[in-house]
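Everything on this sheet refers to the single structure shown next.
Side chains are part of it too, since the values below use all heavy atoms of this structure and drop only hydrogens, waters and symmetry mates. Heads up: numbering here begins at 1 and tracks the sequence. We count ligands from 1, going down the list as the structure has it; atoms in each ligand are counted the same way. Values in this document were obtained by computation on a predicted structure and should not be read as measured data.
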Amino acid sequence: MSTFSRVVVLGTGGTIAGRAASAGDNIGYTAAEVGVAQLLAGVDAPAGVTLAAEQVSQVDSKDMSFDIWRRLADRCAAWLAEPDVAGVVITHGTDTLEETAYFLQSVLAPDKPVVLTCAMRPATALAPDGPQNLRDAIVVAATAGARGVVAVCAGTVHAAADVQKVHTYRLDAFDSGDAGPLGYVEEGEVRRLREWPAVDASARQRFETMLAAPAWPRVEILVSHADARGTIVDALLLARRQGEVEAVEGLVLAATGNGTLHRSLEEAALRAQADGVAVLRATRCMQGRILPRPNEKLRDAGALTPVKARIALMLELLKSPA
Ligand code: SIN
């Protein structure tokens with residue numbers, strides 16, 4: 001752990017900041033009520049680390065928005081640029097944590113750590129998991145040599161690219177799939193199993209474009225399933241041809257297995273692609289990646305889940321102001 005460093009904790013809401021009427025209630029609470037400074041008050045800083053808190057938003061993460069993402073990325077970049085700041089922690093709801101983590105890694109890919117953490121039980125619970133998760137996240141953020149955007153939950157460190165919420169109720173609700181966790185936090189120390197996420201110089205360009213863009217492109221996710229139809233794609237295309245404001249610019253198709261699509265959906269997606277809509281296939285399987293096959297007419301998103309493929313496509317389609 002580095003000595004005499006600052007860790008900045010940015011609050012965005014979530015169950016970690018949730019409040020219920022009774023301590024025995026772990027599900028009937030209101031998310032995003034307790035301020036981040038109050039959350040920090042219950043956590044002791046590791047030796048040599050000073051803590052600072054900033055409230056960036058206060059939302060249930062199901063309501064996460066591009067505006068909050070933009071503000072969050074901006075605040076992360078500003079704090080990480082301070083020489084005495086070792087890293088940033090973000091308290092976040094579990095429901096879209098993996099999306100925010102992937103977005104931040106895409107636009108920051110920082111050489112210092114940005115650590116998202118959360119809780120499955122509200123702050124008012126009999127045995128809340130938030131304080132330990134927050135303490136573990138601070139430990140990761142203060143660890144010498146740590147870098148990149150990661151998530152910390154239930155003593156496990158996950159890389160932004162791999163992390164997925166996989167359980168609706170258990171405290172250990174996240175998984176890194178085939179990649180496996182990046183490491184563990186044990187009694188205030190990180191036991192790392194693999195490399196920190198790579199620093200990516202091209203993230204700076206995405207960051208600048210994202211901050212300057214007048215609007216985010218509309219990218220929809222559609223699922224391929226038994227008896228799927230192309231009618232929603234065709235309705236989106238019709239609206240686009242009629243000049244609808246915020247017309248669809250991209251489609252992510254949550255494909256079966258190794259990236260296959262129901263033939264009706266595939267035919268409609270090809271019509272959309274011919275009309276200038278960017279189309280990406282992402283597997284709806286929980287694990288694995290799409291292994292490319294020759295002569296595919298629609299691009300695939302590799303190992304990205306549909307929600308992460310959507311973020312990748314939106315960032316690709318973001319336009320600089322004219
Ligand atoms: C949320 O995502 O904000 C609510 C659920 C949670 O944090 O577990």
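Closest protein heavy atom to atom 8 (O) of ligand 1: Thr94 OG1, 2.5 Å. For atom 6 (C) of ligand 1, the nearest non-hydrogen atom of the protein is Thr15 OG1, 2.7 Å.
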Mind running salt bridge (charged side-chain N to carboxylate O under 4.0 Å, His left out) on Asp95 and Lys62 for me, showing each step along the way?
CA-CA 6 Å; Asp95 286 343; Lys62 70 179 175 56; over 6 Å; no

For the pair Arg293 and Thr260, evaluate side chain to side chain contact (heavy atoms under 4.5 Å, CB included) and give the outcome as yes or no after the intermediate values.
CA-CA 11 Å; Arg293 296 183 307 176; Thr260 52; 4.0 Å; yes

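Under the 4.0 Å criterion applied to side-chain N and carboxylate O atoms, Glu195 and Arg192 are assigned as salt-bridge partners.
For Leu211, the CG atom is densely surrounded, since the number of other residues' heavy atoms within 6.0 Å is greater than 12.
Among the atoms of Lys62, none of the N or O lies under 3.5 angstrom from an N or O of ligand 1. Residue Thr96 has no N or O atom closer than 3.5 Å to an N or O atom of ligand 1. The N/O atoms of Ser61, backbone and side chain alike, include one that comes under 3.5 Å of an N/O atom in ligand 1.
Of all the heavy atoms in Tyr102 and Ala160, the pair that sits closest is N-CB, 4.1 Å. Nearest heavy-atom pair, Val56 versus Arg71, reported as atom, atom and distance to 0.1 Å: O-NH1, 2.6 Å.
Of all atoms in ligand 1, listed by their number and element, those nearer than 4.0 Å to a heavy atom of Asp60 are 1 (C), 2 (O), 3 (O), 4 (C).
For the ligand labelled ligand 1, residue Ala119 lies inside the 4.0 Å heavy-atom shell.
Under 4.0 Å from ligand 1, not a single heavy atom of Cys118 appears.
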